[in-house]
Amino acid sequence: MSVETVRAFFAANAPDIAVLESDKSSATVTLAAEAFGVTPAEIAKTLSLRIGDKVLLVVTCGTARLDNKKARAVFGGKPRMLSAEEALEATGHPVGGICPFGLKTPLPVYCDVSLKAFTEVVPAAGSINSAVRISPARMAELTHAEWVDVSETAMAST
């Protein structure tokens, strides 16, 4: 079970962080914001991308959109979203629960600067109804993420 690999990740690396579970689905940014009582922007969404033959994860603010031109410049190729099956195979997490924690195989993780607007964000935790509350800096530290600027500069507030 995917949420269990996330629990194991936090038990080993940050035992002070608890995995939260909701009886509501948090499979989309809007649903996650409702389930965990935050604004959509405070949801940290994880995008699973393929650039050439490389798979990587980019975590952005929940209302940010990937800027393909910026992403191409940063990653050296055109980003393509993985299919649900490819994402599950690469991360071990289903769509709606994809996060940079407890991955099936190690993947490069990038945190978009859009996250820096918040003291705390709420990324998924391996299932469509689980999440954690974490500071963007701590998330980047725990996942060995590199900070990048790959989102559109104008972010909607909802």
Can you tell me how far the [atom1] atom of [X] sits from the [atom2] atom of [Y], to the nearest 0.5 Å?
X   : Y    : atom1 : atom2 : value
S48 : R80  : OG    : CZ    : 9.5 Å
I51 : R72  : CD1   : CZ    : 10.0 Å
R50 : S83  : CZ    : OG    : 8.5 Å
D67 : S114 : CG    : OG    : 11.5 Å

> Side chains of L49 and L66: does their closest heavy-atom pair fall under 4.5 Å?
Replying inline: yes
> Can you find a heavy atom in the side chain of V121 that is under 4.5 Å from one in the side chain of I134?
Replying inline: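 In contact.
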Among the clusters formed by ILVMFWY side chains lying less than 4.5 Å apart, do [X] and [Y] turn up in the same one?
X    : Y    : result
Y110 : V113 : no
V55  : M81  : no
F36  : L31  : no
L56  : L103 : no
L47  : M139 : no

Does [Y] offer a backbone N or O that forms a donor-acceptor pair with the side chain of [X] under 3.5 Å?
X    : Y    : value
T5   : G102 : yes
T63  : P40  : no
K45  : A64  : yes
T39  : A33  : no
N129 : S22  : yes
S130 : A125 : yes
S127 : V3   : no

Give the minimum heavy-atom separation between [X] and [Y], together with the two atoms involved.
X    : Y    : answer
A18  : V132 : O-CG1, 3.6 Å
L142 : F9   : O-CZ, 3.6 Å
F101 : V6   : O-CG2, 3.5 Å
R133 : V38  : NH1-CG1, 3.5 Å
L57  : C99  : CD1-O, 3.9 Å
H93  : G126 : ND1-CA, 3.6 Å

>> Does this structure show an ion pair linking R138 with E141, if we count only N-O contacts that are shorter than 4.0 Å?
In response: no
> So does D112 pair up with K70, basic N to acidic O under 4.0 Å?
Replying inline: no
> Which is it for W147 and K116 under the side chain to side chain contact (heavy atoms under 4.5 Å, CB included) test, yes or no, and what are the steps along the way?
Replying inline: CA-CA 10 Å; W147 286 99; K116 290 186 175 185; 3.5 Å; yes
>> Please determine whether the number of non-hydrogen atoms from other residues, nucleotides or ligands lying under 6.0 Å from atom CD of E120 exceeds 12.
In response: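 For E120, atom CD is crowded (more than 12 foreign heavy atoms under 6.0 Å).
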>> Atom CG of residue position D16 - does it have more than 12 heavy atoms of other residues, nucleotides or ligands inside 6.0 Å?
In response: yes
